Enquirer: 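Got a structure here, written out as structure tokens. Questions coming.
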Amino acid sequence: MPKYVIEREIPGAGKLTQEQLKGISQTSCKVLQDLGSEINWVHSYVTEDKIYCVYIAPNKELVLEHAKQGGFPANSISEVSTIIDPTTSE
């Protein structure tokens, strides 16, 4: 199943409290539950003004639907073509 990286522009994201991040996560998980088992949230990276999320889903449209239902921005959605890491150099 395809993997996607979603860029969410959220000014001040890096200053969100643990309670705020928990609330965002709870909203996301509720929407995921409602959408069914085809879409999964792997993890997210919180930076100063953006959150980068990694999702597994059958298509980009389902990722967009998650964003719409959750009220989250999805400024960019990119399908991962391959993954590399230090072992790739061996």
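Heavy-atom basis, side chains included; hydrogens, waters and symmetry copies ignored. Here the structure is a predicted model, which is why all the values come from computation and not from measurement. We number each residue from 1, following the sequence as shown.
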Enquirer: Looking only at heavy atoms, what is the nearest atom pair of Asp49 and Gly12, with distance?
Expert: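 Closest heavy-atom pair between Asp49 and Gly12: OD1-N, 2.7 Å.
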Enquirer: Mark yes when over 12 heavy atoms from residues, nucleotides or ligands other than Glu61 sit less than 6.0 Å from its CD; otherwise mark no.
Expert: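 Above 12, so yes.
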Enquirer: Could you report the tightest heavy-atom contact between Ile51 and Ala13, atom names first, then the distance?
Expert: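 That closest heavy-atom pairing would be CG1-CB, 3.9 Å.
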Enquirer: Identify whether Tyr4 and Val54 are in the same connected component of the hydrophobic contact network (ILVMFWY, side-chain heavy atoms under 4.5 Å).
Expert: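 Cluster IDs for Tyr4 and Val54 differ.
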Enquirer: Looking at Tyr55 and His66, what are the two nearest heavy atoms and their distance?
Expert: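 Nearest pair, atom of Tyr55 first, then His66: OH-CE1, 3.0 Å.
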Enquirer: Is it true that, when you exclude Glu79 itself, more than 12 heavy atoms of the residues, nucleotides or ligands shown sit nearer than 6.0 Å to its CD?
Expert: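 Counting other residues, nucleotides and ligands, CD of Glu79 exceeds 12 neighbours.
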Enquirer: Side chains of Gln26 and Lys22: closer than 4.5 Å at any heavy-atom pair?
Expert: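 Sidechains of Lys22 and Gln26: in contact.
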Enquirer: Indicate if Val31 and Leu64 have the same hydrophobic cluster label, given that clusters are the connected sets of ILVMFWY residues with side-chain heavy-atom separations under 4.5 angstrom.
Expert: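 Result: yes, single cluster for both.
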Enquirer: Please check: side-chain N/O of Ser28 versus main-chain N/O of Ile24, any donor-acceptor pairing under 3.5 Å?
Expert: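 Side chain of Ser28 to backbone of Ile24, a donor-acceptor pair under 3.5 Å: no, none is there.
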Enquirer: Which atom names give the shortest non-hydrogen contact between Lys30 and Asp34, and what distance separates them?
Expert: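 Looking at all heavy atoms of both residues, the closest pair is NZ-OD1, 2.8 Å.
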Enquirer: Linking I/L/V/M/F/W/Y whenever any side-chain heavy atoms sit under 4.5 Å apart, do Val63 and Leu35 land together?
Expert: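 Same hydrophobic cluster.
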Enquirer: Please answer: with hydrophobic residues joined when any side-chain heavy atoms are less than 4.5 Å apart, are Ile77 and Ile39 in the same cluster?
Expert: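 Linked within one cluster.
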Enquirer: With hydrophobic residues grouped by side-chain heavy-atom distances under 4.5 Å, do Ile6 and Val46 end up in a single group?
Expert: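 Ile6 does not cluster with Val46.
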Enquirer: Please find the pair of heavy atoms, one from Trp41 and one from Leu32, that lie closest to each other, and give the distance.
Expert: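 Closest approach of Trp41 to Leu32: CB-CD1, 3.6 Å.
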Enquirer: What's the separation between atom CD1 in Ile83 and atom NZ in Lys3, rounded to the nearest 0.5 Å?
Expert: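 Here the interatomic distance stands at 4.0 Å.
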Enquirer: So Pro73 and Glu9, do their side chains get closer than 4.5 Å, heavy atoms only?
Expert: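 No, their side chains stay 4.5 Å or more apart.
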Enquirer: To the nearest 0.5 Å, tell me how far Tyr52 OH sits from Asn75 CG.
Expert: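 Tyr52 OH to Asn75 CG: 9.5 Å, rounded to 0.5 Å.
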Enquirer: Taking all non-hydrogen atoms of both residues into account, name the closest pair between Pro58 and Pro2 and its distance.
Expert: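 Looks like O-CG, 3.9 Å.
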